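Please read the structure below before turning to the comments.
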Amino acid sequence: MKKRLFVLCGLLLAIYQVSSQTYEIKSPDGRIQIKINNSGKISWTASLNGNLIIENSEAGMDFSVNTDFGSNPKVKKHTIKSVSENIHAIVSHKDAQIKDEYTELSITYQGNYKLNFRAYNDGVAYQFIDEAKVKREVISEKVSFTFPKGSRSLFPQEESMYSHNERLYLDKSLPEIASQDFCSLPVLFTTDKAKVLFTETALHDYPGLFLKGNGNTTLDAIFPKYVLEAVDKNGNSDRVQTITKEADYIAKTAGDRAYPWRVFMISDDDRTFVESNLTYQLAKPNVIKNTDWIKPGKVAWDWYNANNIFGIDFKAGLNTETYKYFIDFASKNKIEYVILDEGWTKSTTQILDFNPSMDVKELIQYGKEKGVGIILWVLWKPLDANLLQILETYKSWGAKGIKIDYMQRNDQYMVNSYEQIARECAKLELLVDFHGAFKPSGLERMYPNVLNYEGVRGNENNKWSDEITPEHTVTIPFIRMAAGPMDFTPGSMVNKEPNNFAISFERPMSLGTRAHQVAMYVVYEAPLQMMCESPSIYYKEQETVDFIAQIPTVWDETKVLHGSVGNYIVVARKKADKWFIGGMTDADARELPIDLSFLGDGSFSMELFADGINVDTFAQDYKKEILEVNKNSKVTAKMASGGGWSAIITQKQ
């Protein structure tokens, strides 16, 4: 009898231990559920409305010494809590006040580490916390997840981890993604019941994540190795490197730290991926004490238009007169900044002195007199070699910020370099635009002087390709922009239908209509937003410039009225007491109803910028009109093939 009782008690204890290794949490609205299992490994699943969306997923980390995370995990304790608070965005990419509401499961394991899972109404995320106070190397990280059969991806496939991360999104079934195929982030997946956008945030002192296929519905993380040696490629000393020696680990770490959040936005409504603030919510909070000097705004940009100005009495080019012309244009149109892009320095490596044909100090002073700030372009490689002296010199001249180009790497050293640049620029009150960059990964919240990132196949590609199609431009708001602000560089005034488009490096044109380009200023999030066209052309298109000049670059509130990945998007954004609406479509003409119920009481003036009646044969054709509307008005956004539609709504007094 005693023996039977002992066996029974042992069986009950074993059952209890197994059950205690499994946990469940739900999003505040109850629609998203995560199940975490710790039997032999850390695995988890995610469901939306009871439908399994992410299955058979694993999380773990392997180290050179001490405990590997997720290897035969032993739970010491766990806590579950609900959080609901507000975050005030220092630089508001889409919302000035963000409701941060989630359920968090925190699991403490034997071996001095934790794993935090969070369930939000728009997705899930997890993060490892290392509490071991020991120096060691991270050999690898296990990030693996499986989708249901039949799932697909819009896959930003890469050829190398040495990359600008400016990709097209390839529509692939998951089994089509072979083991040698990999992509940068963010990446979108589609199941029968929902879509999932995967990315990372709070990326600090750690390499960026890439994702590879397996020829089935499972994908695995891969990382660039720790770089031991990088040399100039083919004698090209200013920007391109060859990585000649790598370690057998991905990172060095000292323990007692948090690793990046692995973020999965989950929704059966495409609009969610544009409205979501998850990557910002999960990022480290602002560390800059005084942020009053951080001034977002629009930028007159030179490189796209190759300094081609005309109707003047001097030779256009890389010279002081040309940039005074840019500054005059910016001042007349209340554009906050002008960038001096490649060519202003003595050479691309001699960046403490300027081109003999340009007096940069004089231009900065001239801009100051005209109310226009100057931002200076630099290559990362020479900047990294002499960071503090270069930044201090530019600050002493009176520059307002820097645009850094050609990073092309995601390894631990490069991630740390981004943060060092942001930190040192913050000390000197300099703005930062990361061009030639990986995707935003949370640094822009910690250092809000970081206003923009490229990491997107943008308008500049018009100079050498025909890939910036309306389908592409209505895909990136749902994928790339979900990670954070993007330096797409809109504003082309030379707009063409596909049969009239031609590639021209120095006289670029854009696919799609004029109204399509204008709508980008509302749809695309970029606190430092470019105006890419030649000022001389903008002067000839003053009516369009007058409309664009009214559109802010940061927002108090964002609502997505319509959204379908790769097909169309209509976004309404509020700034102060005005609403701005931007709509874009792919190659299909569309008519979409605009619900104005978000307006308050009273009547409003709606200034419209829409496709003209002859836009099918002349893409620059547009019409402007002013309507009187209220919250009950019935308005339709009529967009031609590759078209757009914008509105500025002001309450009538």
Side-chain angles (χ1 to χ4, degrees), residues 34-37 41-48 51-62 69-70 117 123-128 138-161 163 165 167-201 203 206-225 250 259-267 273 278-279 410 438-439 441 455 475 478-480 482-483 565:
I34 318 173
K35 294 183 179 180
I36 300 97
N37 187 284
K41 60 185 178 182
I42 299 172
S43 61
W44 61 278
T45 64
S47 302
L48 176 68
N51 299 303
L52 194 61
I53 305 298
I54 302 173
E55 56 187 33
N56 301 326
S57 304
E58 294 182 39
M61 297 183 71
D62 293 342
F69 299 172
F117 271 93
V124 304
Y126 72 82
Q127 178 188 53
F128 279 109
V138 182
I139 305 301
S140 64
E141 180 182 349
K142 181 72 170 179
V143 180
S144 178
F145 42 89
T146 303
F147 291 102
K149 289 183 179 179
S151 298
R152 303 186 67 84
S153 176
L154 287 175
F155 199 72
Q157 188 160 321
E158 299 278 358
E159 286 78 46
S160 168
M161 292 191 202
S163 170
N165 303 145
R167 316 307 298 174
L168 297 174
Y169 297 92
L170 308 181
D171 185 4
K172 292 188 172 190
S173 69
L174 297 194
E176 287 182 88
I177 304 172
S179 58
Q180 69 269 22
D181 295 338
F182 65 96
C183 73
S184 48
L185 303 183
V187 55
L188 188 72
F189 300 95
T190 301
T191 73
D192 284 345
K193 301 297 183 181
K195 290 186 174 76
V196 178
L197 184 133
F198 175 60
T199 191
E200 62 183 342
T201 193
L203 176 64
Y206 198 76
L209 186 153
F210 292 77
L211 202 62
K212 80 173 193 71
N214 287 290
N216 51 35
T217 61
T218 298
L219 296 106
D220 293 296
I222 55 173
F223 297 86
K225 298 289 189 181
I250 64 173
Y259 289 95
W261 283 100
R262 308 305 176 200
V263 183
F264 302 79
M265 299 178 189
I266 302 171
S267 183
F273 305 109
L278 267 188
T279 58
N410 281 252
F438 55 71
K439 80 286 176 191
S441 303
T475 297
F478 300 92
I479 305 178
R480 164 59 184 81
V565 179

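What you are looking at is a predicted structure, and each value in this text was computed from that prediction instead of being measured. Just so it is clear, the values below take in all heavy atoms, side chains as well, and ignore hydrogens, waters and symmetry mates.
Distance CG/Leu48 to OG/Ser267: 7.0 Å, rounded to 0.5 Å. Interatomic distance, CD of Glu141 versus CZ of Phe69, reported as 10.0 Å (0.5 Å rounding). Between the CG atom in Leu185 and the CG atom in Leu203 there is a gap of 10.0 Å [rounded to 0.5 Å]. The structure places CG of Leu219 at 5.5 Å from CZ of Phe145, a figure rounded to the nearest 0.5 Å. How far CZ of Arg480 is from OH of Tyr169: 7.5 Å, rounded to the nearest 0.5 Å. Atom OG of residue Ser151 and atom CD1 of residue Ile54 lie 10.0 Å apart, to the nearest 0.5 angstrom.
Looking only at side-chain heavy atoms (C-beta outward), Leu188 and Val196 stay at 4.5 Å or farther from each other. Using a 4.5 Å cut-off on side-chain heavy atoms (C-beta onward), Asn410 and Phe210 make contact. Between Ile139 and Ile250, every side-chain heavy-atom pair lies at or beyond the 4.5 Å cut-off. With a 4.5 Å cut-off on side-chain heavy atoms, Thr217 and Pro148 do not count as touching. With contacts defined as side-chain heavy-atom distances shorter than 4.5 Å, the pair Thr199/Leu197 qualifies. By the 4.5 Å heavy-atom criterion applied to side chains, Asn37 and Ser43 are counted as neighbours. Put simply, the side chain of Thr45 does not reach to within 4.5 Å of the side chain of Asn56, judged on heavy atoms. Looking only at side-chain heavy atoms (C-beta outward), Leu211 and Asp220 stay at 4.5 Å or farther from each other.
Checked against the 6.0 Å centroid criterion, the rings of Phe147 and Phe189 qualify as a close aromatic pair. If you look at Phe264 and Trp44, their ring centroids are closer than 6.0 Å.
Taking each heavy atom of Ala46 and Ile266 in turn, the nearest pair found is CB-CD1, 4.1 Å. Contact between Glu58 and Tyr126 at its shortest, heavy atoms only, is O-OH, 4.1 Å.
Side chain of Arg262 to main chain of Ala125: no donor-acceptor pair is present (N/O by atom type, distance under 3.5 Å, no hydrogens or angles). Listed for the Thr146 side chain is no donor-acceptor partner under 3.5 Å among the backbone atoms of Thr218. One N or O on the side chain of Ser441 and one on the backbone of Lys439 form a donor-acceptor pair closer than 3.5 Å. In this structure, the side chain of Ser160 does not engage the main chain of Ser163 through any donor-acceptor pair within 3.5 Å. In this structure a side-chain-to-backbone donor-acceptor pair under 3.5 Å is present from Glu200 to Leu209. Thr190 contributes no side-chain N or O that, together with a main-chain N or O of Arg152, makes up a donor-acceptor pair within less than 3.5 Å. In this structure, Thr279 contributes its side chain and Ala483 its backbone to a donor-acceptor pair below 3.5 Å.
Salt bridge status for Lys172 with Asp181: present, with a side-chain N to carboxylate O gap under 4.0 Å.
Glu158 and Ser184 form a side-chain donor-acceptor contact under 3.5 Å, judged by distance and modelled atom types alone. Checked by atom type, the side-chain pair Asn214/Ser179 shows no donor-acceptor distance below 3.5 Å. For the residue pair Lys212/Gln180, the side-chain donor-acceptor check at 3.5 Å is not satisfied.
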Worked check of ring-ring contact (aromatic ring centres under 6.0 Å, His included) between Tyr206 and Tyr259: CA-CA 8 Å; Tyr206 198 76; Tyr259 289 95; 5.3 Å; yes
Determine, step by step, whether Lys35 and Glu55 satisfy the salt bridge (Lys or Arg N to Asp or Glu O under 4.0 Å) criterion, reporting the C-alpha distance in whole Å, the side-chain angles of both residues, the deciding distance to 0.1 Å, and the verdict. CA-CA 10 Å; Lys35 294 183 179 180; Glu55 56 187 33; over 6 Å; no
